[in-house]
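Before any comments, here is the structure.
So you know, we letter chains A, B, ... as the sequences are listed, proteins then strands, and number each from 1.
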Number of protein chains: 2
Amino acid sequence: MSTANFGDTREVTAPADFHVHLRDGELSKLVTPHVREGGFYLAYVMPNLVPPITTTEMANEYKKRLKEYSSQVEFLMTLYLSDALDPNDVKNWKAAGIVGVKSYPRGVTTNSDEGIESYDKYDELFKEMEKHGIVLNLHGEIPSDHSKNICVLNAEERFLPVLSNLSIKYPKLRIVLEHATTAAAVQAVIACGDNVACTITAHHLSLTVDDWAGQSFHFCKPVAKFPEDRRALREAIKSGNRKFFLGSDSAPHPTHSKSTATHMSGCAAGVYTSPVLLPLVAHLLDSFGAIDRLADFTSHFGRDFYQIPAGPGAPKVVLQKVHGVKVQAEYSDGEKTVVPFWAGKDLEWQIVDVTQ
Amino acid sequence: MSTANFGDTREVTAPADFHVHLRDGELSKLVTPHVREGGFYLAYVMPNLVPPITTTEMANEYKKRLKEYSSQVEFLMTLYLSDALDPNDVKNWKAAGIVGVKSYPRGVTTNSDEGIESYDKYDELFKEMEKHGIVLNLHGEIPSDHSKNICVLNAEERFLPVLSNLSIKYPKLRIVLEHATTAAAVQAVIACGDNVACTITAHHLSLTVDDWAGQSFHFCKPVAKFPEDRRALREAIKSGNRKFFLGSDSAPHPTHSKSTATHMSGCAAGVYTSPVLLPLVAHLLDSFGAIDRLADFTSHFGRDFYQIPAGPGAPKVVLQKVHGVKVQAEYSDGEKTVVPFWAGKDLEWQIVDVTQ
C-alpha cells in the first residue's frame, strides 16, 4: 500500500454504491442523476420514502421513476422491514427485482431486544429470506434511552450483540451492517460468519465528532465518532477484508433542512456525497495509503457479496490523480438546493474517462 | 431531597454566578443587565475579550463599563493567563480588585504537558498567587489531537491528571475546574484536596450529546457528554458536596454566529443562560429532586470557596414554583439579537420577590 503520484490513474469496473437515498418527487429528479455523475453504475436504493416501500409493486414503480431520471444506472430495490411484509410472498421477490430488506431502528417498550423492536416476530420472514437469497440490511443503532445511558455515541456499539445473534440464528441469511462508524462494529463484523458484511460511507472515512460539533452539515446518523474509530474503518479497507465495501448512505436534504438558523429545531441527519462519490473515495483512500483498494472497495467486494457481477462489457471508470479540482458549492434545480460534502474544497482525484 | 409543590417558595441570599462572559462593546451593553434580570448579584467575569484582560488597569476599566450597564451587580474580575502576567505584580492584585486568573487550553508542540502548554513556566506566578490568595480558574480541556485520539468527547477527561498535579504541587493555591461535564471530572475533583473546587453550568445539567447533535444552539465547549455524565453532575449537587457550585459559563453570541446556515463554517461555541439563570437552575434542580440545594449551589458554596460572604443586608431573592412561564425567544437591542437557552419553553420557577 502506498500513496499515488500525480498523474497516476486507477480503473474501477462498474462502480457500485450499496446504500443510497434517492428520495422521491422533485428532489429525486435533482439527485438521481448524481449517482452516475459521481461515477457509479449501480445504486442499492433505500426504501424509506413516505410512505415506505413495502410491496414489490411500489418498488417497481419507484424503480421506473428512477430509471427515467438516470437510464444508465442499475437500481437494486429494497423493502422496508415491517409487519406489512408477508413471509409467503418472499419466494416471489427475487423475480420481482427485490434484493434486500432494510431494518430501521424502532424503539419499543415491551417485547424488545436490547431496547429495540424484537426481531423474533420476523422469524418466519427471515427464514424465507434466507431460503430465497434476500439480503437483510441493518441500520444498527439502538434508539437513545437516557435511563440506560444510550445516546448517539454508543447507539451502534449497543446494537452489535443483536447483529451477532441474528448472524448465528440465520447462518445462511446474508446480513449487512450498514454505515459502520466504530472500531467495535468493525471487530464485531470480522467476528461474525461469512454471511455478514458491512458497508462504510465515504464521509465516515473523513469525519470525527470534532467535525459535526457545531457544524450541522456534517451531522448524520450514525454520528461520526472518535479518531480511533475512524482509524479502524480505514484499516478495515486497507486490510483488504472482503466483508467491507462502500455504501455511501448519501442522503440529500434541501439546504434549509440542514441549517440550524434558529433554536427551534435541530437539522435533518444526512451527508450528501453522490455527486462526487468516486473521486471523493479515491481522494480519501489515497490520503491513508489505501488507493490500491479502490476497485475492491467500490465494486468487487460489494458485488461479490451481493452476487451481482459486473458482467462482460461493463463500463470501466478511469480516475486520475490531479492537483486539485474544486467541488461545487451546491446543486440546484432552481427550486431546491442541496449542498454536497466537501463543497468548496479540492479533491485530488477526478474521473477522466469511461470505457466500455 | 424531594420535589417541590406548586406554590412552594425558596429563598437565595445574593445569588452568585462564578463564571460568566459579559463581552464588550454593544453586545456587553445588551447582555450585562441580564445578570441581574436572571436573579444574580455577583458575576465572576471572564477575561477573554479581544485583546484579553491581562492588567489590573484593563480589568478596572472593564469593570467600570460593566457597572455602567448594571449598577447593582458585584463584578469580580479575572486576568487571562499568559506570559504577560508578571509574578512580581501579584501582591498588588487583590487590592486592585483581581480575584482570579483564567487559564484557557493552548496546544503546543514542544515543552508541553499532556498535549497542552506546560504550566511549569508559571511556577513563580502560581506560587505568588498561592501566597496572595488569587484563585486559578481552569478551562480543563486538552486541544484535539487525532493522532492521540483526543477529540471534544475526551478532551476534559484527558486534562484531569493536570488538575491533580497542580493541586498537589500548589496545595494552598485555590483552583477551580470550570464547567465540568463528566463523571470522571466529578470524581477527580472529589479526589483532590480542599484547595480544589468545581463549577457546573445550568445547561450541562440539562443537555447530553443527543441535544447538540444537529442543533448548534446547544453546542458549547466543553460539549455535553453521556447521560451518565449528566447524572454524575446532578448527583454532585444533590449530595451537597461543598466543592460544587454554579458557574453558568453563560456565553452570548449574536444569533447569526450560532446558526449554521451554510456549510462553510461551524458555529460559535456557547449557550446563553444569564437572563433566566436562577429560575432555570431552580427548575432543573427541582426536576432531579435537588431543589433543597438551590441556595447552596447558587450562593453559599461558591461564596465560601471564594471567601466572599454575602454580608448583612444582602438581598434575598424569592422564587416560587408555578405552572409554567415561557422563556422569551430572543433578546435584542434592535441591532444585535441573542437567543437564550430554553427559548420558547416553559420554566416552572420564577422570581417573585427580592427583599433587602
Side-chain angles (χ1 to χ4, degrees), chain A residues 143-155 183 207-231 253 255-272 327 329-330 337-345, chain B residues 143-155 183 207-231 253 255-272 327 329-330 337-345:
Chain A
S144 285
D145 180 344
H146 290 177
S147 72
K148 294 174 182 167
N149 198 35
I150 302 171
C151 61
V152 293
L153 295 175
N154 56 15
L207 304 173
T208 72
V209 60
D210 285 351
D211 297 296
W212 59 266
Q215 176 39 286
S216 59
F217 282 82
H218 290 165
F219 168 61
C220 58
K221 287 201 178 165
V223 297
K225 310 276 187 327
F226 286 76
E228 277 184 2
D229 292 307
R230 183 180 62 179
R231 187 176 306 132
H253 290 283
T255 307
H256 64 84
S257 312
K258 284 301 292 177
S259 70
T260 54
T262 78
H263 65 283
M264 294 307 285
S265 61
C267 79
V271 170
Y272 188 48
V327 172
E330 56 184 37
T337 299
V338 289
V339 173
F341 186 59
W342 219 262
K345 289 167 60 177
Chain B
S144 285
D145 179 345
H146 290 177
S147 72
K148 293 175 181 165
N149 198 35
I150 301 171
C151 60
V152 293
L153 295 175
N154 55 16
L207 304 173
T208 73
V209 59
D210 285 351
D211 297 296
W212 58 266
Q215 175 41 285
S216 59
F217 282 81
H218 290 163
F219 168 61
C220 58
K221 287 199 178 166
V223 297
K225 310 277 188 326
F226 287 76
E228 278 183 1
D229 292 308
R230 184 180 61 180
R231 187 176 306 130
H253 290 283
T255 307
H256 65 84
S257 311
K258 283 302 292 177
S259 70
T260 55
T262 78
H263 64 283
M264 294 307 284
S265 62
C267 79
V271 169
Y272 188 49
V327 172
E330 56 185 36
T337 298
V338 290
V339 173
F341 187 60
W342 219 261
K345 288 166 61 178

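Rounding to the nearest 0.5 angstrom, the gap separating the CD atom in B:E228 from the SG atom in A:C151 is 9.5 Å.
Remark: B:D210 pairs with A:S144, A:H146 by the side chain to side chain donor-acceptor pair (under 3.5 Å) rule, at least two apart or across chains. Considering only residues two or more places apart in sequence or on other chains, A:T337 meets the side chain to side chain donor-acceptor pair (under 3.5 Å) condition with A:S332.
Both the backbone and the side chain of A:A213 come within contact range of chain B, judged by heavy atoms closer than 4.5 Å.
Taking both residues in full, the closest heavy atoms of B:I150 and A:P227 are given as O-CG, 4.3 Å, listed atom of the first, atom of the second, then distance.
The stretch residues 219-226 of chain A places A:F219, A:F226 near chain B, each with some heavy atom under 4.5 Å from a heavy atom of that chain.
Chosen from A:V152, A:N154, A:D229, the residue pairing most often with chain B at heavy-atom distances under 4.5 Å is A:V152. Contacts with chain B were tallied for A:T208, A:D145, A:L153; A:L153 has the most, counting heavy-atom pairs under 4.5 Å.
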